[in-house]
Number of protein chains: 2
Amino acid sequence: MVETQSRRAQILASAAELFARKGVGATTVREIADSVGVLSGSLYHHFESKDAIVDEVLGDYLDALRARYAEAVARGTNAADCVRQLVLASLEVAEQQPFATAIYQNELHYLREQPRFKQVQTAAAAVQKTWLAVIEAGVANGEFRSDIEPRVFYRLIRDALWLSVRWHRPNGDYPTTTLAEDVTSVFLDGYTARRKSAARSRTGSTPKRAVKR
Amino acid sequence: MVETQSRRAQILASAAELFARKGVGATTVREIADSVGVLSGSLYHHFESKDAIVDEVLGDYLDALRARYAEAVARGTNAADCVRQLVLASLEVAEQQPFATAIYQNELHYLREQPRFKQVQTAAAAVQKTWLAVIEAGVANGEFRSDIEPRVFYRLIRDALWLSVRWHRPNGDYPTTTLAEDVTSVFLDGYTARRKSAARSRTGSTPKRAVKR
DNA sequence: GTCTATACATCGATAGAC
DNA sequence: GTCTATCGATGTATAGAC
């Protein structure tokens, strides 16, 4: 179960972890090679360059994210539900690819400066467009507030969501689905306690956990 | 007005900008030197090492943040108001020192691995403690919800707040005070429209605006 | 306080043996 | 497919002239 991965996949996985922790610019090809147990020269049998590794890590991640987003908006029944689905989709992809998620959010600004990573730019634009369309539709139909700009709300929820890969380690006690509920609930309902809001209480929302906390 | 800064201050300011944009590890001393118009060797007359520059940039920032946080909690009249004050304090310090803020949030995890930056660790712990104390007090007295862990709420608002330095450029149209109100309002009240909440509506769209919830 | 000049380590990447 | 060996560029940092 430990040697079923191709060397190529091993390199991608190890490199992603290093890029996420230290940053792309501060990670050396020798470190990547060490982490998979080969010498640095051997990496170039599998990849053209260090940038090519970055490209592939982010490309795989963005493909997964876009595919999952398409499902999410298709499933949503209204704006609030679409937000719920997008939150869950983001966190599920982040759970599957935590390191790529971290790289994406840590280095997006820097990568955008380099024409090499144009693919990343266009994918990031598509992600933003998906969110904004949902939020603006919710404002237009009265589901969401109109006194806060959709763009501001998008950026707040996006950053809170993406950064959760830095601290959230999915496990039985606090699974991704529960985090998704908490994020959705805070951003849509707020953290202020409101009396008599039984409709928001968390009874049958998910299969997991009965009362807890 | 352009030469009133000491060379030392120039170096700190330029280095902070580079560290924020490219990452500490990917920024070279030659780039820092170029950006202030000297040769790289000359930097070492002012600083012991590249790490010493990082230390000082972050130290100045964390000192300002802690001082401002002490005022904020002292001013708050209840938990919700303390959150409001902490949000405003964070954004004001971020406005004064946007690059240091970006470095802090971009590289905190990596810097924590190095004993060199122990100062940063302890300051980060103090920041978290301030927030958690406020949030837990609010849960205890019923102001805040008890079905979402204080730690989770803290991390969500912290990340949304800190990351705003990546996109928010304070100006007359959208000043820091307004962003602070928006952040506070989303996190405490939520984004879902609620009927009959005239108290929350934003009549005077831009500067000041009277009602203020 | 800045320069010239350079030491010495490490970087990404390549060539060719095995 | 991995190794040995190494190139040329670039990294941090230092020493001493000016």
Side-chain angles (χ1 to χ4, degrees), chain A residues 2-59 99 103 106-107 110-111 113-117 119-120, chain B residues 2-59 103 106-107 110-111 113-117 120:
Chain A
V2 104
E3 264 304 342
T4 57
Q5 262 186 134
S6 70
R7 178 113 292 175
R8 191 186 164 81
Q10 281 179 26
I11 294 168
L12 286 171
S14 274
E17 180 163 1
L18 288 166
F19 291 155
R21 195 173 82 243
K22 314 187 34 165
V24 171
T27 301
T28 69
V29 292
R30 282 177 177 70
E31 288 173 313
I32 299 171
D34 282 354
S35 71
V36 298
V38 297
L39 291 186
S40 66
S42 304
L43 289 184
Y44 293 84
H45 174 75
H46 302 277
F47 296 94
E48 261 197 350
S49 66
K50 178 180 157 184
D51 280 352
I53 301 178
V54 177
D55 250 341
E56 189 150 331
V57 167
L58 287 179
F99 301 125
I103 299 165
N106 276 332
E107 317 228 16
Y110 180 48
L111 297 179
E113 293 178 5
Q114 302 169 261
R116 175 80 165 83
F117 299 102
Q119 157 202 229
V120 175
Chain B
V2 104
E3 264 304 345
T4 56
Q5 262 186 132
S6 70
R7 178 113 293 174
R8 192 187 164 80
Q10 281 179 26
I11 294 169
L12 286 171
S14 274
E17 180 164 1
L18 288 166
F19 290 155
R21 195 173 82 243
K22 314 187 33 165
V24 171
T27 300
T28 70
V29 293
R30 278 189 248 270
E31 287 173 313
I32 299 171
D34 283 353
S35 71
V36 298
V38 298
L39 291 186
S40 65
S42 304
L43 289 185
Y44 293 84
H45 174 74
H46 302 277
F47 297 94
E48 260 196 351
S49 66
K50 177 180 156 182
D51 279 352
I53 301 178
V54 177
D55 250 341
E56 190 151 330
V57 168
L58 287 179
I103 299 165
N106 276 333
E107 318 227 16
Y110 179 48
L111 296 178
E113 293 178 5
Q114 302 168 263
R116 176 79 165 84
F117 300 101
V120 176

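Lettering follows sequence order; numbering is per chain, from 1.
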Tabulated below should be each protein N or O lying under 3.5 Å from an N or O of nucleotides 2-4 of chain D; please produce it.
residue, atom, partner, partner atom, Å
D/dT2, OP1, A/Arg7, NH1, 2.9
D/dT2, OP2, A/His46, NE2, 2.8
D/dC3, OP2, A/Leu39, N, 2.7
D/dC3, OP2, A/Ser42, OG, 3.2

Sequence neighbours excluded, the answer for salt bridge (Lys or Arg N to Asp or Glu O under 4.0 Å) partners of B/Glu56 is B/Arg8
Do NZ/NE/NH1/NH2 and the carboxylate oxygens of A/Glu113 and B/Lys22 come within less than 4.0 Å?
no
Residues from residues 16-36 of chain B lying under 4.0 Å of DNA chain C - heavy atoms:
none
Exam field: side chain A/Ser35 to backbone A/Ile32, donor-acceptor pair closer than 3.5 Å:
yes
Derivation and outcome, side-chain contact (heavy atoms from CB on, under 4.5 Å), residues B/Leu111 and B/Leu58
CA-CA 11 Å; B/Leu111 296 178; B/Leu58 287 179; 3.3 Å; yes
Under the side-chain contact (heavy atoms from CB on, under 4.5 Å) rule, what do A/Asn106 and A/Phe19 come out as? Steps first, then yes or no, please.
CA-CA 10 Å; A/Asn106 276 332; A/Phe19 291 155; over 6 Å; no
Before giving the answer on side-chain contact (heavy atoms from CB on, under 4.5 Å), spell out for A/Lys50 and A/Val24 the whole-Å C-alpha distance, their side-chain angles and the decisive distance to 0.1 Å.
CA-CA 9 Å; A/Lys50 178 180 157 184; A/Val24 171; 4.2 Å; yes
Take atom NZ of B/Lys50 and atom C1' of C/dA9, then tell me their distance rounded to the nearest Å.
14 Å
How many whole angstroms separate atom CZ of A/Phe47 from atom C1' of C/dT14?
18 Å
Please determine if a side-chain N or O atom of A/Tyr44 lies less than 4.0 Å away from the OP1 or OP2 oxygen of C/dT14.
no
Supply the atom-to-atom distance A/Arg30 CZ to A/Ser40 OG, rounded to the nearest 0.5 angstrom.
4.5 Å
Show, in sequence, the C-alpha distance, side-chain angles and deciding distance for A/Ile53 and A/His46, and conclude whether the side-chain contact (heavy atoms from CB on, under 4.5 Å) test is met.
CA-CA 9 Å; A/Ile53 301 178; A/His46 302 277; over 6 Å; no
